[in-house]
Amino acid sequence: MIKITLPDGTIKEYSKGSTPMTIAKTISEGLARNVISAKFNDTTVETTTPLQEDGSLVLHTWGSTEGKKTFWHSTSHIVAQALEELYPGVKLTIGPAVENGFYYDIDLGEQVLSENDFPKIEKRAIEIARGKHDFKMRSVSKADALALYKSQNNEYKVELIENLEDGTITFCDHDTFTDLCRGGHIPNTGIVKAIKILSVAGAYWRGDENKKQLTRVYGISFPKQKELTEYLELLEEAKKRDHRKLGKELELFTFSQKVGQGLPLWLPKGAALRERLEQFLKKAQKKAGYEMVITPHIGQKELYVTSGHYEKYGADSFQPINTPKDGEEFLLKPMNCPHHCEIYNNKPYSYKDLPKRFAEFGTVYRYEQSGELHGLTRVRGFTQDDAHIFCTPDQVDQEFKNVIDLSIYVLQSLGFDDFKAQVSIRDMDNPDKYIGDVKNWEIAEQAIINAAEDKGLDYVIKKGEAAFYGPKLDFMVKDALGRNWQLGTIQVDYTLPERFDLTYKGADNQLHRPIMIHRAPFGSMERFIALLLEHTGGNFPLWLIPEQAIVLPVSEKHEKYAEKVLELLKNNEIRSRVDSRNETVGKKIREAEMNKIPFMLIVGENEEEANTISVRRHGGEDLGAISINDFTNLVNTEIKSTLKSF
RNA sequence: GCCGACGUAGCUCAGGGGUAGAGCGUUUCCUUGGUAAGGAAGAGGCCACGAGUUCGAAUCUCGUCGUUGGCUCCA
């Protein structure tokens, strides 16, 4: 007998060789029907794996993340079988589950896969699923495994197997299909009722752009057809919140081929919104002791050679600007920090002067790869809400924590409650990627982790994601389609002060190196506004939205009164205009609704007589006829309640 | 940069070897309207750009540019 500990803490005895499935049956028939994967002593096992020893068992159904992952990974086997049948001679590689679905990477040889091929792949895959084939794991010796894939000329699987220990190699079979796989499958293919191929893309083998590009087939699957339909509807809804679509509809920004790829043009409404965001942060930063500075858009190439940016990114950047005078070279600035270092160098500092906090909305230019450009989230010219804090070693902790507070204040003021923090540290296996003293890296990494802990941030540590000059703490937010983007960032840097020979005089009358903290709570104005658009669906907070109210005269007869109302609104700094077009009120309301204007102020005979306005909120709520004074108070109260000061 | 898809009026899109269509928007006129589309008429396109095939190309082929889903990259 073996003792099995269940998640609720109960320990039950089962005969040796019981499987998760048979154990599930003893708990309840319903559970047995729904269990699709299992973890034994924290290792993923099949539901049919005989358990030989005491241990803890967790059973997963579709309702759990683990269950979904197993379900999707299993579907990748089914899709791989379909691909293998439909495209003879393809070489299989890997097929993991991802956050929403799964993918399978295959080498198609000369063959090309496009969207037109999806239906036939889906059709064959679902046929296979309906065959209710059991997923069966079996152990294979390293020699046999290698022999199989060598006979198929599958160099990918051979490479994978060569990195595995003999005795740990398993294959998974279902129907006529066999695949090298470490396991974790649903009991049989029949549980998969709906399969959708979502997209096809190139993906480098092992994520290395120097290796061969494979064809990656993305898909998703569900235990019920209805769930697939709902998922696809969700995707459609998400597309409506795409910032590129909303930015166009709300006339916030545009791009022009004549200006250039990835160079956003801010339209009046977008520029006004951005200006307001900047004012909001400037106010908070003033309280937090920052001083604004202004630096030019270009700098001598030498400046970036000194900072190390040129060596690291020079070849892939906008190339140097030459001047009529020989030998002079300037770079469009890709970073503000070197300029700020020189501002620091303008005069000597005592330890009593520190920290110095220099802030600037600095526009930088980076030659991002063309395939990377994406709306406003990845552009070639953008404005950072940048600042550099120069402080003594014993001020770093406090300064870092203060910046975390400011970043959280910014995110929460704009309704981002679901951000994640990411601590990016070095990849020790790749020391060439970084500059600076190892000891300082250790201090800086630890300081960031301590600060994240101290502030109770929900954070993950990512190895190899650090900047080349130092570790960082980033605030990550998801877009409408679930893609992660870095917004705010805080970085500790011991290197640039060294390179720019920054000093301050300590209490000991000796010169010391300050430590630099790079930080940007928004990150880039462009990306931040893009994410804000997707989060709010264009319904920005009242204090930020370009147009707060629109006055809608019922007919031309009431235009004069409408103008009078508008003037009063403007006197009260409420951003508004009159829709005096020769249209019906219904039409004007419809358009104001579509333009997401928070308040529609209808004025006609009744209002003119009583000196009021009839207020309709975006969405349809009728606030009735009130005085302009009451309306102004309403707007101001609402703004005060949503916009707390730092 | 790489792989796949796409590019038709200001916007959203249909069409497709014989010289261009709808809805919305815009303009003019009629209408003077009460909480999500009042009516009529008109203007508006070198069908991204460049080559090629063809009697003829917006349509087919190739290339370029741009957009897009991924990969790689992200100071």
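Every chain is numbered from 1 and lettered A, B, ... according to where its sequence line falls, protein lines coming before strand lines.
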Nucleotide forming a Watson-Crick or wobble pair with rG4(B), both distances under 3.5 Å: rU68(B)
Phosphate-side-chain proximity, Q261(A) and rU67(B), N/O vs OP1/OP2 below 4.0 Å: yes
R513(A)/D501(A) salt bridge by N-O under 4.0 Å criterion: yes
Touch class at under 4.0 angstrom, heavy-atom based, for V554(A) against every strand present: base
rC60(B) versus rG7(B) - spacing of their P atoms, nearest Å: 10 Å
Interatomic distance where NZ belongs to K588(A) and C1' belongs to rG38(B) [whole Å]: 13 Å
Span that lies between the C1' atom of rG25(B) and that of rU19(B), in whole angstrom: 28 Å
Closest approach of L373(A) to G262(A) (non-hydrogen atoms, all atoms of both residues): CD1-N, 4.1 Å
Options rU32(B), rA75(B), rG70(B), nucleotide nearest the side-chain atoms of R483(A): rG70(B)
Nearest-nucleotide pick for V112(A), side chain only, options being rG33(B), rG4(B), rC71(B): rG4(B)
Mate of rC13(B) where both pairing distances stay under 3.5 Å, Watson-Crick or G-U: rG21(B)
Base-pairing assignment for rC73(B) (Watson-Crick or G-U wobble, both under 3.5 Å): none
Pair E556(A) + R581(A), salt bridge at N-O below 4.0 Å: no
CD/E249(A): more than 12 non-hydrogen atoms of other groups inside 6.0 Å: yes
Sugar-phosphate, base or nothing in reach of H374(A), heavy atoms under 4.0 Å: sugar-phosphate
Separation between the P atoms of rC13(B) and rC6(B), rounded to whole Å: 15 Å
Presence of T584(A) side-chain N/O under 4.0 Å of rG38(B) phosphate oxygens OP1/OP2: yes
Sub-6.0 Å ring centroid separation between F358(A) and F390(A): yes
E534(A) side-chain N/O to D479(A) backbone N/O, donor-acceptor pair under 3.5 Å: no
Rounded C1' spacing from rG18(B) to rC73(B) in Å: 49 Å
rA36(B) pairs with, by Watson-Crick or G-U criteria that keep both distances under 3.5 Å: none
Proximity to the side chain of P334(A) - top-ranked nucleotide from rU35(B), rA75(B), rC71(B): rA75(B)
Integer angstrom distance from the P of rA40(B) to that of rC24(B): 10 Å
Residue closer to the 5' end of RNA chain B, R616(A) versus Y313(A) (nearest nucleotide): R616(A)
Pairwise C1' distance, rA57(B) and rA43(B) [rounded to whole Å]: 28 Å
Sugar-phosphate only, base, or nothing, as touched by A203(A) at under 4.0 Å among non-hydrogen atoms: sugar-phosphate
Sugar-phosphate, base or nothing in reach of R206(A), heavy atoms under 4.0 Å: nothing
Sugar-phosphate only, base, or nothing, as touched by G604(A) at under 4.0 Å among non-hydrogen atoms: base
Base-pairing assignment for rA41(B) (Watson-Crick or G-U wobble, both under 3.5 Å): rU27(B)
Sugar-phosphate only, base, or nothing, as touched by D208(A) at under 4.0 Å among non-hydrogen atoms: nothing
From L252(A) atom CG to K269(A) atom NZ, the distance as rounded to the nearest 0.5 Å: 8.0 Å
Closest nucleotide among rG1(B), rG70(B), rC74(B) to the A201(A) side chain: rG70(B)
Nucleotide of rA36(B), rG25(B), rG69(B) approaching I589(A) most closely (side-chain heavy atoms): rA36(B)
Sugar-phosphate only, base, or nothing, as touched by K587(A) at under 4.0 Å among non-hydrogen atoms: sugar-phosphate
Reported CZ-to-CG distance for the pair F361(A) and L281(A), which is rounded to 0.5 angstrom: 4.5 Å
Any S370(A) side-chain nitrogen or oxygen under 4.0 Å from OP1 or OP2 of rG1(B): yes
Which nucleotide in rU26(B), rG33(B), rC74(B) has an atom nearest any side-chain atom of R366(A): rC74(B)
Under-4.0 Å side-chain N/O to phosphate OP1/OP2 contact, Y218(A) with rC71(B): yes
Nearest listed nucleotide, side chain of E593(A), among rA75(B), rG70(B), rA36(B): rA36(B)
Identified pairing partner of rA58(B), criterion: Watson-Crick or G-U wobble below 3.5 Å: none
Lys/Arg cation over aromatic Y434(A): R426(A), 6.0 Å, 45° cone: no
Integer-rounded Å distance: rG1(B) C1' and N210(A) CG: 12 Å
Any N/O donor-acceptor pair, N582(A) side-chain to rU31(B) base, under 3.5 Å: yes
H388(A) ring center within less than 6.0 Å of Y344(A) ring center: no
Phosphate OP1/OP2 of rA75(B): any K472(A) side-chain N/O under 4.0 Å: yes
Out of rG38(B), rG33(B), rG4(B), whichever nucleotide has its closest atom nearest the side chain of V200(A): rG4(B)
Per S555(A) side chain, nearest of listed nucleotides rC71(B), rU32(B), rG4(B): rU32(B)
Identified pairing partner of rC46(B), criterion: Watson-Crick or G-U wobble below 3.5 Å: none
Residues 593-605 of chain A side chain polar contacts: donor-acceptor under 3.5 Å, at least two apart:
residue : atom : partner : partner atom : Å
E593(A) : OE1  : H618(A) : ND1          : 3.0
E593(A) : OE1  : G619(A) : N            : 3.0
E593(A) : OE2  : R616(A) : NE           : 2.9
E593(A) : OE2  : R616(A) : NH2          : 2.9
E593(A) : OE2  : G619(A) : N            : 3.2
N595(A) : ND2  : E591(A) : O            : 3.1
K596(A) : NZ   : G537(A) : O            : 3.4

Separation between the C1' atoms of rC62(B) and rC55(B), rounded to whole Å: 22 Å
rA58(B) to rA9(B) separation - C1' atoms, rounded to the nearest Å: 14 Å
base_contact_polar (rG1(B) base, Y204(A) side chain, donor-acceptor, <3.5 Å): yes
Check: rG34(B) base within 3.5 Å donor-acceptor of E607(A) side chain: yes
Interface residues of residues 237-260 of chain A with RNA chain B (non-hydrogen, below 4.0 angstrom): R244(A), K248(A), Q257(A)
Sugar-phosphate only, base, or nothing, as touched by G308(A) at under 4.0 Å among non-hydrogen atoms: nothing
Position toward the 5' end of RNA chain B (nearest nucleotide), Q213(A) or G375(A): Q213(A)
Aromatic centroids of F528(A) and F416(A) separated by under 6.0 Å: yes
hbond_proxy R378(A) side chain to rC74(B) base (donor-acceptor, 3.5 Å cutoff): yes
Shortest side-chain distance from S614(A), nucleotide among rC2(B), rU35(B), rG70(B): rU35(B)
